[in-house]
Amino acid sequence: MVRIVILDGYTANPGDLSWKELEALGQVTVYERTKPEETVARAAEADVVLTNKVIIGKAEMEQLPHLQYIGVLATGYNVVDIKAAHERGIIVTNVPAYSTESVAQMVFAHLLTVTNRTEHYAIQNRAGRWTNNPDFSYSDTVLTEIAGKTMGIVGLGNIGSRVAQIALAFGMKVKAFTSKAAETLPESIQKADMQELFSSSDVLSLHCPLTDNTKHLINAETIGLMKDTSIVINTGRGPLVDDQAVADALENKRITAYCADVLTEEPPKADNPLLKQQNAYITPHIAWATVEARVRLIQIATDNVSAFLNGNPQNVV
């Protein structure tokens, strides 16, 4: 029987979903979390290993003689040494596009949090603020309409493209920095260079891969190009942003708000400068984690294992 080990199953399935279909494919052992020093021992007899954030590098592979397949429970696969896996004939797969709708939804949850402040008013009104108000209505924050504003998008992959569609539905103008040719873009999306994107966007949303060229894409210099009313949203990768530069910009009112579902270090240290900024809206890397997205994640990961066992691997990286 095929031995399948899941090294860190908790975030994908904290207990509300099932591994039943995967269990039909072999003997499954699920660990909620695995420390680096536990990886080899736990995967020692495994033919198939599934991992989300547990690193499987060359050193680990050399100590796992039974290992034939690594399934990454995510779209990004930087936790696996792909070169070493290929050299050892180990198949590596990922789960592409399972969270597109959920992440795009989070972009606008963050944006509307800033523009409408619904949670702020709900908290106040639980404490009696509206009850004791002399007028039928009150507002103590700036309320902003997003129709007519410009959404700048860095990266037009699956998620960036979906964000563009939703922005257009809200009546926003959309500009994008993308490697795609201008003539291939919908007429409603204007291709822009980085300087134009930063200087003209009311909202800037990051959806590009993390590379040497995009690390700290948002820094003191690029923030200097932005409007002081800009809202920056990062649901891509934490290191796309220089945390300190953004914290300083918020402190000095050089941008209006920073919204992020990702940070450079996760979980963040207590002294991360963004955590103390009033206009930094930080969620704990949960854009991908809707029930619907996690169901898709587990289903596709299971289908990947099944395809491998049937000799026709899919979603190979």
Between Thr283 and His110, a side-chain donor and acceptor under 3.5 Å: yes

Side chains of Lys191 and Thr178: is there a donor and an acceptor less than 3.5 Å apart? no

With a 4.5 Å limit on heavy-atom distance, are the side chains of Ile189 and Lys175 in contact? no

In Å and rounded to the nearest 0.5 Å, what is the OG1 to CD distance from Thr115 to Glu145? 10.0 Å

In terms of hydrophobic clusters joined by side-chain contacts under 4.5 Å, are Leu297 and Ile300 together? yes

If you take all heavy atoms of Glu45 and Arg3, which pair is closest and at what distance? O-NE, 2.9 Å

Point-to-point distance, once rounded to the nearest 0.5 Å, from CG of Asn304 to CD of Gln299: 10.0 Å

Got Gln63 and Thr39 here, is their nearest side-chain heavy-atom distance under 4.5 Å? no

Give a yes or no on whether the backbone of Arg237 and the side-chain of Asn234 come within a donor-acceptor separation of less than 3.5 Å. yes

Spacing of Lys215 atom NZ and Ile218 atom CD1 [to the nearest 0.5 Å]: 15.0 Å

Lys180 side chain vs Leu156 backbone, donor-acceptor pair below 3.5 Å: yes

Can you tell me if Tyr69 and Thr93 form a side-chain donor-acceptor pair at under 3.5 Å? yes

Determine yes or no for a side-chain-to-main-chain donor-acceptor pair under 3.5 angstrom, with Lys173 supplying the side chain and Ser188 the backbone. no

Tell me if a side-chain donor or acceptor on Asn116 pairs with a main-chain N or O of Thr113 at a distance below 3.5 Å. no

Less than 4.0 angstrom from a charged side-chain N to a carboxylate O is my criterion; do Glu292 and Arg296 meet it? no

Please find the pair of heavy atoms, one from Asn158 and one from Ala97, that lie closest to each other, and give the distance. ND2-CB, 3.7 Å

Supply the atom-to-atom distance Ser161 OG to Gln165 CD, rounded to the nearest 0.5 angstrom. 7.0 Å

Could you grab the distance from atom CG of Leu197 to atom OG of Ser205, nearest 0.5 Å is fine? 10.5 Å

So, for Phe108 and Phe170, is the gap between ring centers shorter than 6.0 Å? yes

Main-chain N/O of Asp135 paired to Asn133 side chain as donor or acceptor, under 3.5 Å: yes

Asp81 bridged to Lys58 by N-O distance under 4.0 Å: no

NZ/NE/NH1/NH2 to OD/OE distance under 4.0 Å, Asp16 and Arg294: yes

Report the distance from atom CG of Leu275 to atom CG of Asn272, rounding to the nearest 0.5 Å. 4.5 Å

Val114 with Leu112, same ILVMFWY side-chain cluster at under 4.5 Å: yes

For the pair Ser99 (side chain) and Ser102 (backbone), establish whether a donor and an acceptor sit closer than 3.5 Å, ignoring hydrogens and angles. no

Distance-only, no hydrogens or angles: does the Ser199 side chain make a donor-acceptor pair with backbone N or O of Gln195 under 3.5 Å? yes

Ion pair check, Lys253 and Asp228, cut-off under 4.0 Å: no

Salt bridge (charged side-chain N to carboxylate O under 4.0 Å, His left out) evaluation trace for Arg33 with Asp8: CA-CA 4 Å; Arg33 301 170 187 86; Asp8 51 348; over 6 Å; no

Is it the case that the side chain of Thr222 and the backbone of Asn219 share a donor-acceptor pair, with hydrogens and angles ignored and the cut-off at 3.5 Å? yes

Leu7-Val40 co-clustered via ILVMFWY side chain contacts under 4.5 Å: yes

Would you confirm whether Asp261, through its side chain, and Ile286, through its main-chain N or O, come within 3.5 Å as a donor-acceptor pair? yes

How about Gln190 and Glu196: does a side-chain donor come under 3.5 Å of a side-chain acceptor? yes

Is a donor on one side and an acceptor on the other found under 3.5 Å between the side chain of Ser306 and the backbone of Thr302? no

